[in-house]
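Per chain, numbering begins at 1; letters A, B, ... match sequence-line order. Just so you know, these numbers come straight off a predicted model, no measurement behind them.
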Amino acid sequence: MDSAEFHAAVYHVVRQIPNQRVTSYGHVAKLIGMPSYSRHVGQALKFLSPDVAPPVPWQRVISSAGTISSRGPGTDGAQRQRDVLEAEGVEVQVGRTGEFRVDFGTWGWFPDPGTVDIGLAPPEDGADDA
DNA sequence: AACGTGACTGCGC
DNA sequence: CGCGCAGCCACGT
(Lines give C-alpha, C1' and ligand atoms only; values in the text may rest on other atoms or scores of the structure.)
Protein backbone atom coordinates (compact mmCIF):
# COMPACT_ATOMS: atom_id res chain seq x y z
CA MET A 1 0.00 0.00 0.00
CA ASP A 2 1.29 3.40 -0.91
CA SER A 3 0.93 6.68 0.91
CA ALA A 4 -2.34 7.64 -0.78
CA GLU A 5 -3.92 4.29 0.03
CA PHE A 6 -2.69 4.51 3.58
CA HIS A 7 -4.31 7.91 4.02
CA ALA A 8 -7.53 6.62 2.42
CA ALA A 9 -7.62 3.63 4.76
CA VAL A 10 -7.05 5.83 7.78
CA TYR A 11 -9.88 8.18 6.83
CA HIS A 12 -12.16 5.25 6.04
CA VAL A 13 -11.62 3.72 9.46
CA VAL A 14 -11.82 6.99 11.38
CA ARG A 15 -15.17 7.74 9.73
CA GLN A 16 -16.48 4.54 11.32
CA ILE A 17 -15.70 5.59 14.86
CA PRO A 18 -19.15 5.88 16.47
CA ASN A 19 -20.37 9.20 17.84
CA GLN A 20 -19.23 9.84 21.42
CA ARG A 21 -16.45 7.24 21.17
CA VAL A 22 -12.67 7.63 20.89
CA THR A 23 -9.80 5.35 19.87
CA SER A 24 -6.03 5.64 19.57
CA TYR A 25 -3.60 6.22 16.69
CA GLY A 26 -2.09 2.84 17.39
CA HIS A 27 -5.43 1.06 17.22
CA VAL A 28 -6.30 2.71 13.91
CA ALA A 29 -2.93 1.47 12.65
CA LYS A 30 -3.77 -2.07 13.81
CA LEU A 31 -7.19 -1.95 12.18
CA ILE A 32 -5.66 -1.21 8.79
CA GLY A 33 -3.09 -3.97 9.26
CA MET A 34 -0.05 -1.77 9.93
CA PRO A 35 0.47 -1.81 13.72
CA SER A 36 3.84 -0.07 13.62
CA TYR A 37 2.50 2.94 11.72
CA SER A 38 0.83 4.78 14.60
CA ARG A 39 2.93 7.89 13.96
CA HIS A 40 1.82 7.93 10.35
CA VAL A 41 -1.82 7.80 11.36
CA GLY A 42 -1.19 11.11 13.08
CA GLN A 43 0.51 12.36 9.92
CA ALA A 44 -2.50 11.38 7.82
CA LEU A 45 -4.88 13.24 10.11
CA LYS A 46 -2.61 16.29 10.03
CA PHE A 47 -3.05 16.47 6.25
CA LEU A 48 -6.83 16.67 6.58
CA SER A 49 -8.54 19.75 5.24
CA PRO A 50 -11.63 20.94 7.17
CA ASP A 51 -13.89 20.73 4.11
CA VAL A 52 -13.40 17.08 3.16
CA ALA A 53 -16.61 15.15 2.51
CA PRO A 54 -17.86 13.07 4.05
CA PRO A 55 -16.28 14.56 7.18
CA VAL A 56 -13.53 12.68 9.04
CA PRO A 57 -14.10 12.81 12.84
CA TRP A 58 -10.36 13.23 13.53
CA GLN A 59 -11.15 14.45 17.04
CA ARG A 60 -12.04 10.87 18.03
CA VAL A 61 -8.43 9.72 17.62
CA ILE A 62 -6.16 10.36 20.61
CA SER A 63 -3.01 8.78 22.09
CA SER A 64 -2.89 5.27 23.58
CA ALA A 65 -2.57 6.90 26.99
CA GLY A 66 -6.01 8.42 26.55
CA THR A 67 -4.60 11.93 26.29
CA ILE A 68 -5.05 14.49 23.52
CA SER A 69 -1.72 15.08 21.78
CA SER A 70 -0.58 18.64 22.33
CA ARG A 71 1.01 19.28 18.91
CA GLY A 72 3.57 21.39 20.71
CA PRO A 73 3.39 24.40 22.99
CA GLY A 74 1.91 27.52 21.48
CA THR A 75 -0.51 25.58 19.30
CA ASP A 76 -4.24 25.38 19.91
CA GLY A 77 -4.89 22.06 18.20
CA ALA A 78 -5.37 20.10 21.40
CA GLN A 79 -7.67 22.78 22.82
CA ARG A 80 -9.82 22.75 19.67
CA GLN A 81 -9.94 18.95 19.76
CA ARG A 82 -11.19 19.01 23.33
CA ASP A 83 -13.87 21.56 22.45
CA VAL A 84 -15.18 19.42 19.60
CA LEU A 85 -15.21 16.28 21.74
CA GLU A 86 -17.10 17.96 24.55
CA ALA A 87 -19.49 19.48 22.01
CA GLU A 88 -20.51 15.97 20.96
CA GLY A 89 -20.88 14.89 24.57
CA VAL A 90 -17.55 13.24 25.38
CA GLU A 91 -16.24 14.00 28.85
CA VAL A 92 -12.70 15.41 28.78
CA GLN A 93 -10.77 15.85 32.02
CA VAL A 94 -7.79 18.08 32.63
CA GLY A 95 -4.79 16.53 34.39
CA ARG A 96 -2.41 18.22 36.79
CA THR A 97 0.02 19.15 34.03
CA GLY A 98 -2.82 20.61 31.97
CA GLU A 99 -3.14 17.72 29.53
CA PHE A 100 -6.58 16.68 28.30
CA ARG A 101 -7.66 13.15 29.08
CA VAL A 102 -10.54 10.90 28.01
CA ASP A 103 -11.52 7.77 29.96
CA PHE A 104 -11.17 4.82 27.58
CA GLY A 105 -13.20 2.68 29.98
CA THR A 106 -16.21 4.86 29.26
CA TRP A 107 -15.59 6.30 25.78
CA GLY A 108 -13.06 3.92 24.24
CA TRP A 109 -13.76 2.14 20.92
CA PHE A 110 -11.34 -0.72 20.19
CA PRO A 111 -12.88 -3.28 17.81
CA ASP A 112 -10.80 -6.27 16.73
CA PRO A 113 -8.90 -5.92 13.44
CA GLY A 114 -10.86 -7.63 10.68
CA THR A 115 -14.22 -6.63 12.09
CA VAL A 116 -13.92 -3.17 10.56
CA ASP A 117 -14.05 -2.31 6.85
CA ILE A 118 -10.84 -0.54 5.87
CA GLY A 119 -12.05 0.26 2.37
CA LEU A 120 -9.15 -1.64 0.78
CA ALA A 121 -8.01 -5.17 0.14
CA PRO A 122 -6.48 -6.52 3.36
CA PRO A 123 -2.66 -6.63 3.38
CA GLU A 124 -1.41 -9.87 1.86
CA ASP A 125 1.67 -11.75 2.97
CA GLY A 126 3.91 -12.24 -0.01
CA ALA A 127 0.95 -13.14 -2.21
CA ASP A 128 0.59 -11.24 -5.47
CA ASP A 129 -2.46 -9.10 -5.91
CA ALA A 130 -5.48 -10.63 -7.59
C1' DA B 1 23.65 9.28 2.41
C1' DA B 2 23.35 11.05 7.35
C1' DC B 3 20.54 13.47 10.75
C1' DG B 4 16.66 15.40 12.98
C1' DT B 5 11.64 15.39 13.50
C1' DG B 6 6.88 13.99 14.54
C1' DA B 7 -1.39 14.55 15.96
C1' DC B 8 3.00 7.47 18.50
C1' DT B 9 3.78 3.11 21.73
C1' DG B 10 5.27 0.04 25.31
C1' DC B 11 8.00 -0.60 29.36
C1' DG B 12 10.42 0.51 33.45
C1' DC B 13 10.76 3.67 37.55
C1' DC C 1 -0.42 8.43 37.10
C1' DG C 2 3.47 11.10 35.42
C1' DC C 3 8.22 10.91 33.28
C1' DG C 4 12.04 9.20 30.75
C1' DC C 5 13.94 6.00 27.26
C1' DA C 6 14.21 3.10 23.31
C1' DG C 7 11.97 1.44 19.11
C1' DC C 8 9.38 2.69 15.35
C1' DC C 9 8.95 4.53 9.93
C1' DA C 10 8.52 8.07 6.31
C1' DC C 11 10.03 12.73 5.13
C1' DG C 12 12.41 17.18 4.79
C1' DT C 13 17.09 19.31 5.21
Between P of C/dC9 and CZ of A/F6, the distance in whole Å: 12 Å
Is there a chain of hydrophobic side chains (I, L, V, M, F, W, Y, each step under 4.5 Å between heavy atoms) that links A/I118 to A/W109? yes
Can you check the A/Y37 OH to C/dC11 P distance for me, whole Å? 9 Å
CD1/A/I68 to OG/A/S63 distance, rounded to the nearest 0.5 angstrom? 9.0 Å
Using heavy atoms and a sub-4.0 Å distance, could you list which residues of residues 98-111 of chain A are near DNA chain C? By number, please. A/E99, A/R101
Sub-4.0 Å heavy-atom contacts from residues 72-94 of chain A onto DNA chain C, ordered by number: none
To the nearest Å, give me how far apart CZ (A/R71) and C1' (B/dT5) are. 17 Å
Measure the acute angle between the ring planes of A/H40 and A/F6, then classify it against the limits of 30° and 60° as parallel, tilted or perpendicular. perpendicular
Taking N or O atoms only and anything under 3.5 Å, show me the protein contacts with nucleotides 8-10 of chain B, one pair per line.
unit_1	atom_1	unit_2	atom_2	d
B/dC8	OP1	A/S69	OG	2.6
B/dC8	N3	A/R39	NH1	3.4
B/dC8	N4	A/R39	NH1	3.0
B/dT9	OP1	A/Y25	N	3.1
B/dT9	OP1	A/G26	N	2.8
B/dT9	OP1	A/S64	N	3.3
B/dT9	OP2	A/S64	N	2.9
B/dT9	OP2	A/S64	OG	3.4

Are any of the side-chain heavy atoms of A/V94 and A/F100 separated by less than 4.5 Å? yes
Looking only at heavy atoms, what is the nearest atom pair of A/Q20 and A/G89, with distance? NE2-CA, 3.7 Å
Would you kindly confirm whether A/Y25 and A/F104 end up in one hydrophobic cluster when ILVMFWY residues are joined by side chain heavy atoms under 4.5 Å apart? no
Where A/P57 and A/V14 come nearest, the two heavy atoms and their spacing: CG-O, 3.2 Å
Side chains of A/V92 and A/Q81: closer than 4.5 Å at any heavy-atom pair? no
So which heavy atom on A/V52 is nearest to which on A/S49, and how close? CG1-OG, 3.2 Å
Return the minimal non-hydrogen interatomic distance between A/Q16 and A/D117, and the atom names on each side. NE2-O, 2.5 Å
Whole angstrom is fine here: how far is it from CG in A/D2 over to P in C/dA10? 12 Å
